[in-house]
Amino acid sequence: MDRIERMIRENLKARGIKCHSVYKMPDPDELRVLLAFDSQKNPHLTTRKIRHALNQLGAGEFEVPSDFQRLSAAFLHLEVRMGARTEHKTTINAQ
């Protein structure tokens, strides 16, 4: 298991989130991780809880979608990206 996968799994477990699997997606441009959660064992799980837990890792900012995907009947899936933009948008008022 990759270091980041292990870090994510251990951090979620420490926060009481039961993660079934963590899989690092093969993407040369950005770090993407697919998380699978048993929908029966996590009745009150939200993407907000997951985003908070992942961003507490100290490994950078994670971009977490607002909804889970259902790729199978038993599991909730969530694809997260690491290295999401952390600076605020700057707007220039042209007059």
Side-chain angles (χ1 to χ4, degrees):
M1 181 182 298
D2 193 322
R3 180 178 166 268
I4 191 73
E5 293 170 331
R6 187 172 41 257
M7 284 177 57
I8 290 171
R9 182 183 294 273
E10 290 171 0
N11 190 42
L12 291 175
K13 184 178 180 181
R15 297 183 185 284
I17 300 172
K18 298 173 183 166
C19 185
H20 184 268
S21 61
V22 178
Y23 176 70
K24 185 176 158 187
M25 307 289 279
D27 189 339
D29 297 329
E30 63 184 357
L31 177 61
R32 296 183 309 143
V33 180
L34 181 66
L35 308 171
F37 304 93
D38 187 335
S39 58
Q40 299 297 322
K41 294 182 182 176
N42 292 296
H44 303 291
L45 186 63
T46 65
T47 58
R48 183 176 176 212
K49 287 180 185 178
I50 295 168
R51 180 177 54 247
H52 180 70
L54 292 176
N55 287 328
Q56 295 299 316
L57 272 174
E61 287 291 316
F62 282 84
E63 182 179 301
V64 179
S66 59
D67 292 322
F68 291 101
Q69 298 100 20
R70 276 213 181 257
L71 302 178
S72 65
F75 295 101
L76 298 170
H77 296 85
L78 195 62
E79 184 180 316
V80 299
R81 291 190 327 213
M82 185 176 167
R85 180 172 269 176
T86 57
E87 68 266 5
H88 300 286
K89 286 187 176 182
T90 306
T91 57
I92 299 172
N93 294 330
Q95 292 180 0

Go through it in stages, so that I can follow the logic: the residues are L54 and L35, the test is side chain to side chain contact (heavy atoms under 4.5 Å, CB included), and I'd like the CA-CA distance, side-chain angles, deciding distance and then a yes or no. CA-CA 11 Å; L54 292 176; L35 308 171; 4.3 Å; yes
Rounded to the nearest 0.5 Å, the CD1 atom of I50 sits from the CG atom of N55 at a distance of 11.5 Å
With sequence neighbours left out, the residues meeting salt bridge (Lys or Arg N to Asp or Glu O under 4.0 Å) with R32 are D27, E79
Transitive ILVMFWY side-chain link M82 to Y23, under 4.5 Å:
no
Interatomic distance, CE@M25 vs CG@L34, rounded to 0.5 Å, equals 5.5 Å
If the plane angle is over 60° it's perpendicular, under 30° parallel, otherwise tilted; pick one for F37 and F68. perpendicular
Only residue of R51, H52, R81 satisfying side-chain contact (heavy atoms from CB on, under 4.5 Å) with V64 is R51
* Asked: Below 4.5 Å, heavy atoms only, C-beta onward: do F75 and D38 meet side chain to side chain?
  -> yes
dist H44:NE2 -> K49:NZ (nearest 0.5 Å) comes out at 7.5 Å
*Criterion side chain to side chain contact (heavy atoms under 4.5 Å, CB included) on I8 and I4, from CA distance to verdict*: CA-CA 6 Å; I8 290 171; I4 191 73; 4.1 Å; yes
| Main-chain N/O of L76 paired to S39 side chain as donor or acceptor, under 3.5 Å | no
Please walk me through it: do E5 and R9 pass side chain to side chain contact (heavy atoms under 4.5 Å, CB included)?
CA-CA 6 Å; E5 293 170 331; R9 182 183 294 273; over 6 Å; no
Item to complete: Using atom types as modelled and distance alone, determine if a side-chain donor or acceptor of K18 lies under 3.5 Å from a backbone N or O of L12.
Response: no
K24 meets the salt bridge (Lys or Arg N to Asp or Glu O under 4.0 Å) criterion, sequence neighbours left out, with D2
**Asked** Quick check: does any side chain N or O of T47 sit under 3.5 Å from a backbone N or O of S66, one acting as donor and the other as acceptor?
**Response** yes
